[in-house]
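Below is one structure; the comments refer to it alone.
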Number of protein chains: 2
Amino acid sequence: MQKKTRNTTAKQEILKLIANAGQALSHVEIQQQLNNLCDRVTIYRVLNRLVEEQKIHKIVNTDGVVNYAACHDCEHHHHNDNHVHFSCTICKSVTCLDNIIPTFQLPADYLMQEMNFMIAGICPNCKA
Amino acid sequence: MQKKTRNTTAKQEILKLIANAGQALSHVEIQQQLNNLCDRVTIYRVLNRLVEEQKIHKIVNTDGVVNYAACHDCEHHHHNDNHVHFSCTICKSVTCLDNIIPTFQLPADYLMQEMNFMIAGICPNCKA
DNA sequence: TTATTTAATGCAACTTAGTTGCAAATATAA
DNA sequence: TTATATTTGCAACTAAGTTGCATTAAATAA
Ligand SMILES: [Mn+2]
Ligand SMILES: [Mn+2]
Ligand SMILES: [Zn+2]
Ligand SMILES: [Zn+2]
């Protein structure tokens, strides 16, 4: 018997935030924008649930902090986040470059389960 | 006046460990193998110095924890760690796949400073 | 609508990774 | 050998994330 997930206010609001953000959001950024709607632990738990339900995906930044972005075509690709992510060292924005998909050949004896491609640098906004 | 780095015992031992390991090592793994040679804070500081001196490079794992590996051809490539890294979900080993270099085209208005390509899955040893 | 069930939440406490300030130790060069 | 500045140890701290448990509130059935 698989437990069924509930559509709580916290979950709705957090998903809305992430879906409408033009960039990937960290836990702290979400907490700030939620304005005490719920406890910080609840945010963590909701985020984990949304990842499990494949509505959002995790992006591990170069400093180890996790950011979350809405999934666009994860269903098609078995939730492999196969595109490149960009982390701006100036404005701190983290974005999905959805159509930049690196090509590489992993040796046959490796089994791939998860990908995290992160590039840090200066984004177009900050470069201009 | 740039401050000049010293060749301390801790530094020598830590570099030796990393250079001789067949895989990337985390801070805890290094600490365990050092057997109380020095304080954990010293390990952190030595690791940071070795990274600055481009003798080792950082690899951020999918759980956000940093692993360190010896640099082979970082000098040639401006210390860009441009190859793929593999993190085994079973034996927890983290390895540099030095010759697996993804190709992709970053839009011209992005400036790349750092790369972290991580793939998690099952390594050849654990698959067999 | 109300009652029942079970998932979700809040809160406090905890873990793990990494950083910082400062006094004491030590590598290097004069 | 002595002087100088780098490195170290220690204690305290921060930041990210997790866990246990009692309470609350969705979803569903009556
Ligand atoms: Mn993405
Ligand atoms: Mn590497
Ligand atoms: Zn920017
Ligand atoms: Zn393995």
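These figures come from a predicted structure and were not determined experimentally. Chain letters run A, B, ... following the sequence lines, proteins first, then strands; residues in each count from 1.
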Could you check how far CD of Gln12(B) sits from P of dT7(D), rounded to whole Å? 13 Å

To the nearest angstrom, how far is Asn61(A) atom CG from dA16(D) atom C1'? 13 Å

Would you mind listing the cluster partners of Val65(B)? Hydrophobic ones only (ILVMFWY), side-chain contacts under 4.5 Å, chaining allowed. none

Here the distance between atom P of dT14(D) and atom OH of Tyr44(B), to the nearest Å, is 17 Å

Between the side chain of Ser26(A) and the main-chain N/O of Asn67(A), is any donor-acceptor distance below 3.5 Å? no

To the nearest Å, how far apart are Leu47(B) CG and dT7(D) C1'? 14 Å

Specify the residues of residues 20-35 of chain A, ordered by number, for which at least one heavy atom lies under 4.0 angstrom from an atom of DNA chain C. none

Are any of the side-chain heavy atoms of Lys92(B) and Glu29(B) separated by less than 4.5 Å? no

Can you tell me how far C1' of dT8(D) sits from CD of Glu13(B), to the nearest Å? 16 Å

Run the salt bridge (Lys or Arg N to Asp or Glu O under 4.0 Å) check on Lys58(B) and Glu114(B) step by step: do they pass? CA-CA 11 Å; Lys58(B) 283 182 170 205; Glu114(B) 205 182 326; over 6 Å; no

Do you know the tightest heavy-atom contact between Val60(B) and Asn61(A)? CG1-O, 3.7 Å

Closest non-hydrogen contact found for Arg49(A) with Arg6(A) is NH1-O, 4.0 Å

Is it the case that the side chain of His83(A) and the backbone of Asn99(A) share a donor-acceptor pair, with hydrogens and angles ignored and the cut-off at 3.5 Å? no

Under 3.5 Å, which protein N or O atoms sit close to an N or O of nucleotides 8-14 of chain C? Give each pair with its distance.
unit_1, atom_1, unit_2, atom_2, d
dA8(C), OP1, Thr5(A), OG1, 3.2
dA8(C), OP1, Arg6(A), N, 2.9
dA8(C), OP1, Arg49(A), NH1, 3.3
dT9(C), OP1, Thr8(A), OG1, 2.8
dT9(C), OP2, Arg49(A), NH2, 2.3
dG10(C), OP2, Asp39(A), N, 2.8
dG10(C), OP2, Thr42(A), OG1, 2.5
dG10(C), N7, Arg45(A), NH2, 3.0
dG10(C), O6, Arg45(A), NH2, 2.7
dC11(C), N4, Arg45(A), NH2, 3.4

So, are Glu13(A) and Lys16(A) salt-bridged, with charged N and O less than 4.0 Å apart? yes

